[in-house]
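So that the names make sense, note that chain A is the first sequence line, chain B the second, and so on, each numbered from 1. Note that these values count all heavy atoms, side chains included, but never hydrogens, waters or copies made by symmetry.
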4 protein chains.
Amino acid sequence: ESPPLFILGPCVIESREHAFDIAGALAEMRDRLNLPFVFKASYDKANRSSGKSFRGIGISAGLSILEDIRARYSFPVISDVHDGAQVAEASSVLDILQIPALLSRQTDLLEAAARSGKLVHIKKGQFMAPEDMSNVVKKMEEAGCDQLMLCERGISFGYHTLVVDFRSLPIMSSFGYPIIFDATHAVQSPGGSGDRSGGDRRFAPSLARAALAVGCQGLFMEVHPDPDHAPSDGPNMIPLSKLEALIAGLLPFHEARKKMGPDPLFGQGGS
Amino acid sequence: ESPPLFILGPCVIESREHAFDIAGALAEMRDRLNLPFVFKASYDKANRSSGKSFRGIGISAGLSILEDIRARYSFPVISDVHDGAQVAEASSVLDILQIPALLSRQTDLLEAAARSGKLVHIKKGQFMAPEDMSNVVKKMEEAGCDQLMLCERGISFGYHTLVVDFRSLPIMSSFGYPIIFDATHAVQSPGGSGDRSGGDRRFAPSLARAALAVGCQGLFMEVHPDPDHAPSDGPNMIPLSKLEALIAGLLPFHEARKKMGPDPLFGQGGS
Amino acid sequence: ESPPLFILGPCVIESREHAFDIAGALAEMRDRLNLPFVFKASYDKANRSSGKSFRGIGISAGLSILEDIRARYSFPVISDVHDGAQVAEASSVLDILQIPALLSRQTDLLEAAARSGKLVHIKKGQFMAPEDMSNVVKKMEEAGCDQLMLCERGISFGYHTLVVDFRSLPIMSSFGYPIIFDATHAVQSPGGSGDRSGGDRRFAPSLARAALAVGCQGLFMEVHPDPDHAPSDGPNMIPLSKLEALIAGLLPFHEARKKMGPDPLFGQGGS
Amino acid sequence: ESPPLFILGPCVIESREHAFDIAGALAEMRDRLNLPFVFKASYDKANRSSGKSFRGIGISAGLSILEDIRARYSFPVISDVHDGAQVAEASSVLDILQIPALLSRQTDLLEAAARSGKLVHIKKGQFMAPEDMSNVVKKMEEAGCDQLMLCERGISFGYHTLVVDFRSLPIMSSFGYPIIFDATHAVQSPGGSGDRSGGDRRFAPSLARAALAVGCQGLFMEVHPDPDHAPSDGPNMIPLSKLEALIAGLLPFHEARKKMGPDPLFGQGGS
């Protein structure tokens, strides 16, 4: 009855045609599976490892493409905002504003997003304990925002490695907002390939199942028709051709979790 | 058709009566749930944080109790071995020899256990990457052991904290042996209470669900009728009164995982 | 002959008088010790743990105070910049622009700072391996900046804890720019006090000695007349009354390192 | 007046001749530098990554060689003990018993070593917070040992990586016993080369300088005439040909630390 939300799309808008192709494929999948999909793509990768990496097509061109995808395929659309000055323009198109993990403690950005009136999706920083997200939540609430989703995307574990501490899901859930698990950034290896980030997408489905079994309200996964040749985050993106089977395989874990009710030892926070 | 193995029991044998009480309660639960239970209890806690902590009743008295529990309740029994010299005596009673995580790289102990002809349950060290368990597996195989189970119980994450990297399950699974997830030691806080280890049992069920959803063949959980007054590992043990509901809540995740078949991106290792 | 650079001052400008008092005390100390001091104070704490924390007096008022301190006490002055839009105004006063650690991968900010023509002090992110700072250095060089200092301030180590990996000093030194060690943020406990960061200043002198012995060109330390009542970073700031003895105790380690020449195994990078 | 203690030698006794060659070279160096050297070599590597790795020549042959080196070159000798049963035999020859880091919480081994009447050198486990070594110290004291040295050799930091948290030196120093810094194991990469441990010796001198500057009473360094072809720990051992210059370069940092007196903020613990 209440399926998980899926936030899906390529890491970055490579071109109008490319983004439309992916959105079209996702729209068909959504209709076959009858699940709530949100289309995600970035117009600007503002914190690439290297300054020579592809950054995207820019805010205006990117928002225009997202607006058209939204209209053409009836998708809610989400994208990153990187500073307070971008929020007004981004809010004119996006259904959900996303705060990148590295910026999750930047008060000005958070407050600008909070004041937009939009749903805001905040990724927990790779340097933050889950309980510390309560401070972020309070910053948002004090700025008038009551539409939030909190995202786990892994935490620094030595060099070039992230690990997911699944205890973060019940902890953050206890703050009262939906929890999204970012299954593809969680398997990233930051800076692990010298001038770019590496990763290993083979583990993304395992971690996605774990997240649903622990208890979360949605999954974020980057997908690409040809991830091994993608300009950004290729090693961890899911091939579009594998996505539908992957999602179908995940649903029973969400259903089992829904049927279970509150966690026997943690209580409501675990649900 | 192939339910998970449950390895259950108190951290340490406090007395014959205490161990029998717990074993009796577990035997009834096993019969009601019709699940394979193994009885676990240590006769010696050889690596307590403090030298003043309760260590257990010793190998001979402990094995005698385990032997009687085995006979009385038809349980396979498992306990820790701490050096090669203990293996012969322990093997005369135990069905499964357990190698403690801190000793998982001690070659003499591993080889003595391998030569016992018993099933050996090896916990991955809190300082080891999952792929490095392949060296441990090779040590065992070269010593003639082909009956192994490998256990994830968390890895050091800063001070006084463990984190479970669930990628370890498919990685270790690819070595060809069953994987057990230790849900109660994984939520331990080593040395976190000064002269003893702390922990937070509230997270054990969440992590157990995650492990079954990722894919494992069994769960290890320490249980106690009154964990808050237990002499060892109290903060992470599961109250006996909560265990049956907890286990019932876990089974659907194992069933969903069994139905799913091989992991879509990882393949057999993920099963 | 070539003493270390000292970047010193309060975490945040609390008021004009407060900043002048500290600057005056530092100026006297500088003259007694005959050492190069830079005055540091933030006009805006843009990433406080909590939105209710004191953020500072704002960019215009803050820059005006820094400008006056610069004139009055002949100090070079340094402060944080948080987004590209602040760079022009900040550059009109500051001698050195500082990039906060959490923002050390934000390309727009880095490039704006690079184009300012000012010396730029970049703190390595708490989530970055030292070798990955080479990408940051390349971003700066490609944007035309050849006046850089790189700063070690600790890396995430579990929750609420930073650790300094001193291997980062020779590694970053090999990129060809001076290395600064931030001895007071390195002993911070991020988010470790619930709605604020904790820390333990008692370790700052030890780590400062270590940094000079390994090899660095300067030290960054936050100081305050009454740190236990400071609005920000109190637990790790050095009491002003202890500073002069502390600095005097550090100099012999810098001199010993200078005398030693290149590191016997690492070579020039270690110098 | 009170130079640091140097514990030096190959990781493992490869043969009588090999050990004597190294001991002879170290004896000449000791006499030239007029410093206290202890000869270290293991007769058994009981926890190699792989069961196929060279383990050493065994306890009896090994102790016989160490006894002869002790007599021939007037060296105190130190070696690892791995279980309580070895302690009596080892104590008949060794001046110092060393507890390996992975075994630093094994109560039986600690108590056997404590009762030997020998000086005991305990390496802090790669999974232990420095304050938790107070429990180990208490175990030793309660077993009647008042001759102890505590060793920092790095702590787990993600996979295949150790980091040295130099705050551990003043913390452990406050327990009242001398602190040794193990500069070559600290740069190990455990399991980092598949079936063996990797490492990077280039960083050992930097970390040794840091340790002396923070404050320690001795250094442990493994040395080898040809480390790149050594059967164990090659990547982090120091080439014998570089050792004398390395040690000469370290002494000024120890002298500066001695001259400084108690740490200005930490107090005696830092000395």
Side-chain angles (χ1 to χ4, degrees), chain B residues 44-53 55 82-86 100-111 114 125-143 154-163 165 167-168 189-197, chain D residues 44-53 55 82-86 100-111 114 125-143 154-163 165 167-168 189-197:
Chain B
D44 182 17
K45 305 305 296 176
N47 55 17
R48 298 298 303 272
S49 295
S50 162
K52 295 216 163 162
S53 301
R55 277 197 53 170
H82 304 94
D83 65 50
Q86 291 182 350
L102 292 180
L103 301 178
S104 60
R105 276 183 56 180
Q106 302 302 318
T107 306
D108 287 337
L109 175 59
L110 290 170
E111 291 181 348
Q126 298 89 331
F127 43 82
M128 282 180 68
E131 56 270 29
D132 297 345
M133 282 295 280
S134 69
N135 293 315
V136 174
V137 167
K138 273 183 222 140
K139 283 186 194 176
M140 297 302 287
E141 291 174 340
E142 287 160 13
I155 182 142
S156 279
F157 178 65
Y159 293 130
H160 301 148
T161 311
L162 299 172
V163 68
D165 182 357
R167 292 174 293 195
S168 69
S189 168
S193 302
D195 62 352
R196 63 188 64 209
S197 288
Chain D
D44 182 17
K45 305 304 293 177
N47 56 16
R48 298 299 303 272
S49 294
S50 163
K52 295 215 161 163
S53 301
R55 278 197 54 169
H82 304 93
D83 66 53
Q86 291 181 351
L102 292 180
L103 301 179
S104 60
R105 277 184 55 183
Q106 302 303 316
T107 307
D108 288 335
L109 175 59
L110 290 169
E111 292 181 347
Q126 300 90 333
F127 42 83
M128 281 180 71
E131 57 271 29
D132 297 344
M133 282 296 280
S134 69
N135 292 315
V136 174
V137 166
K138 272 182 225 143
K139 284 186 193 177
M140 298 301 288
E141 291 174 341
E142 287 160 11
I155 182 143
S156 279
F157 178 65
Y159 292 130
H160 301 146
T161 310
L162 299 171
V163 68
D165 181 355
R167 293 174 294 196
S168 69
S189 169
S193 303
D195 61 351
R196 64 188 65 208
S197 289

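Listed by chain and residue number, B:R55 satisfy the salt bridge (Lys or Arg N to Asp or Glu O under 4.0 Å) test with B:D44 (two or more places apart in sequence, or in another chain).
Considering CG of B:L109 and CG of D:N47, their distance stands at 11.5 Å, rounded to 0.5 Å. To the nearest 0.5 Å, atoms CG (D:L102) and CZ (B:R105) are separated by 6.0 Å. Note: D:K139 NZ to B:D195 CG = 11.0 Å, rounded to the nearest 0.5 Å. Rounding to the nearest 0.5 Å places CD of B:E131 at 7.5 Å from OH of D:Y159.
Residue contact with chain D, scored on non-hydrogen atoms closer than 4.5 Å, involves the side chain of B:L103 exclusively. Contact annotation for B:E142: only side-chain heavy atoms (C-beta onward) come within less than 4.5 Å of a heavy atom of chain D. Contact annotation for B:M140: neither backbone nor side-chain heavy atoms come within less than 4.5 Å of a heavy atom of chain D. In this structure, chain B has a heavy atom under 4.5 Å from the side chain of D:I155, while its backbone stays farther away.
Among D:P130, D:G84, D:A85, the residue making the largest number of heavy-atom pairs under 4.5 Å with chain B is D:P130. Each of B:S156, B:P100, B:A129, B:A143 has some count of heavy-atom pairs under 4.5 Å with chain D, and the biggest count is that of B:A129. Contact count versus chain D (heavy atoms, under 4.5 Å) is highest, among B:S134, B:G191, B:A46, for B:A46.
Under a 3.5 Å cut-off, the side chain of B:D83 and the backbone N or O of D:H82 do not form any donor-acceptor pair.
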Could you go through the side-chain hydrogen bond (donor to acceptor under 3.5 Å, both in side chains) check for D:D132 and B:H160 one step at a time? CA-CA 9 Å; D:D132 297 344; B:H160 301 148; 3.0 Å; yes

